[in-house]
Amino acid sequence: MQSTHEFELFPDHSVTQLLFKDVKNASELRKNAMEGKINGALINPSMIVNPFQVLVAANKAVHLHRIGKMKTRSLYSEIIYNLSPTNNISEAFKRFGISDSDSAVLIVLVHPTEETHHVTDVMVKVDGKQIPVEDVSKMTDTVQIKKLYKTTPQEDKCLLDAVVCRMAIKDVI
């Protein structure tokens, strides 16, 4: 159901992704995250093509956190920011963060590799049905993603590659 990956460059930490549908308490989750009661990134799964996209954003966020170069205030807000193709932080939260009316949420947690209790603590706060993270592609709003990332018709066959490339180069251009 959940997906946990160890960071290659930071083997003492892992990233865990949890996907929920039929969520009834999105506004409560969002409020708790903003108050720091949930240590995780709450992401709108309709803007995610593949779990790999989130791994790229999380890896970059952990790297920037370690070297003290984050553009946002927390590791989890940095993950959401890194998903965006633009440098506008508030726009990234509008597009990739959850809203009070959302019925699905992708939760991303960064934790020491040995610790798993944090994952359980967050899972019990969600009033929804957990589904496999791989199912995130079934929730993807392809039209919105193509518009946001300004992809070309040639990139339709490899949308994930186009999205990840735009995420990676936003700091360069």
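Through chains of ILVMFWY side-chain contacts below 4.5 Å, V122 is grouped with L18, F20, V23, L29, I38, L42, I98, V105, I107, L109, V119, M123, V126.
N88 contributes a side-chain N or O that, together with a main-chain N or O of S90, makes up a donor-acceptor pair within less than 3.5 Å. A donor-acceptor contact shorter than 3.5 Å links the side chain of T113 to the backbone of H13. Side chain of K170 to backbone of S84: a donor-acceptor contact under 3.5 angstrom is found. Counting only distance, with no hydrogens or angles, the side chain of Q53 and the backbone of V49 share a donor-acceptor pair below 3.5 Å. When atom types are taken as modelled, the side chain of N25 and the backbone of D127 share a donor-acceptor pair closer than 3.5 angstrom. In this structure, N59 contributes its side chain and F10 its backbone to no donor-acceptor pair below 3.5 Å.
Nearest heavy-atom pair, T151 versus A162, reported as atom, atom and distance to 0.1 Å: CG2-CB, 4.0 Å. Closest approach of I80 to A92, counting heavy atoms only: CG2-O, 3.8 Å. For the pair Q130 and M1, the tightest heavy-atom approach, listed with the atom from each and the gap, is O-CE, 3.2 Å. Among all heavy-atom pairs drawn from H117 and E115, the shortest one is CE1-OE1, 3.3 Å. The two atoms that bring S3 and V133 nearest to each other are N-CG2, 3.8 Å, heavy atoms only. Scanning all heavy atoms of the two residues, the minimum distance from V110 to F7 falls at CG1-CE1, 4.0 Å.
Atom OG in S99 sits 13.0 Å away from atom NZ in K94 (nearest 0.5 Å). Atom CD in E155 sits 13.0 Å away from atom NZ in K150 (nearest 0.5 Å). For the atom pair N32 CG and N39 CG, the distance stands at 11.0 Å (nearest 0.5 Å). The NZ atom of K31 sits 11.0 Å away from the CG atom of D100 when rounded to the nearest 0.5 Å. Separation of atoms CG (L106) and CD1 (I48) is listed at 6.0 Å; rounding is to 0.5 Å. Rounded to the nearest 0.5 angstrom, S103 OG and M139 CE are separated by 7.5 Å.
Between F96 and V54, every side-chain heavy-atom pair lies at or beyond the 4.5 Å cut-off. Using a 4.5 Å heavy-atom threshold, the side chains of Q144 and R95 count as touching.
V108 and V62 fall within the same hydrophobic cluster, where Ile, Leu, Val, Met, Phe, Trp and Tyr residues are linked whenever their side-chain heavy atoms come under 4.5 Å apart, directly or through other members. Residue Y149 is grouped with residue Y81 when hydrophobic side chains (ILVMFWY) are merged at heavy-atom distances under 4.5 angstrom, including chains of intermediate members. When hydrophobic clusters are built by joining Ile, Leu, Val, Met, Phe, Trp and Tyr residues whose side-chain heavy atoms come closer than 4.5 Å, directly or via intermediates, M47 is grouped together with L160. With hydrophobic clusters built from ILVMFWY side chains whose heavy atoms lie under 4.5 angstrom apart, V15 shares a cluster with L9. The cluster map of Ile, Leu, Val, Met, Phe, Trp and Tyr, joined by side-chain heavy atoms under 4.5 Å apart, puts L64 and I79 in different clusters.
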Checklist entry - Between S137 and N50, does a side chain to side chain contact (heavy atoms under 4.5 Å, CB included) hold up when you go through it step by step? => result CA-CA 6 Å; S137 59; N50 184 287; 5.9 Å; no
Checklist entry - Stepwise, does the side chain to side chain contact (heavy atoms under 4.5 Å, CB included) test hold for K146 with D156? => result CA-CA 8 Å; K146 288 178 182 180; D156 287 352; 3.2 Å; yes
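Between D12 and R66 there is a salt bridge, since a side-chain N of the basic residue sits under 4.0 Å from a carboxylate O of the acidic one. Electrostatic pairing of D171 and K60 counts as a salt bridge here, judged by a charged N lying under 4.0 Å from a carboxylate O.
At a cut-off of 3.5 Å, with distance as the only test, a side-chain donor of E78 or T72 sits close to an acceptor on the other residue.
Enclosure of atom NE2 in H63 is not indicated, since only 12 or fewer non-hydrogen atoms of other residues, nucleotides or ligands lie within 6.0 angstrom. More than 12 heavy atoms of other shown residues, nucleotides or ligands fall within 6.0 angstrom of atom CD in E35.
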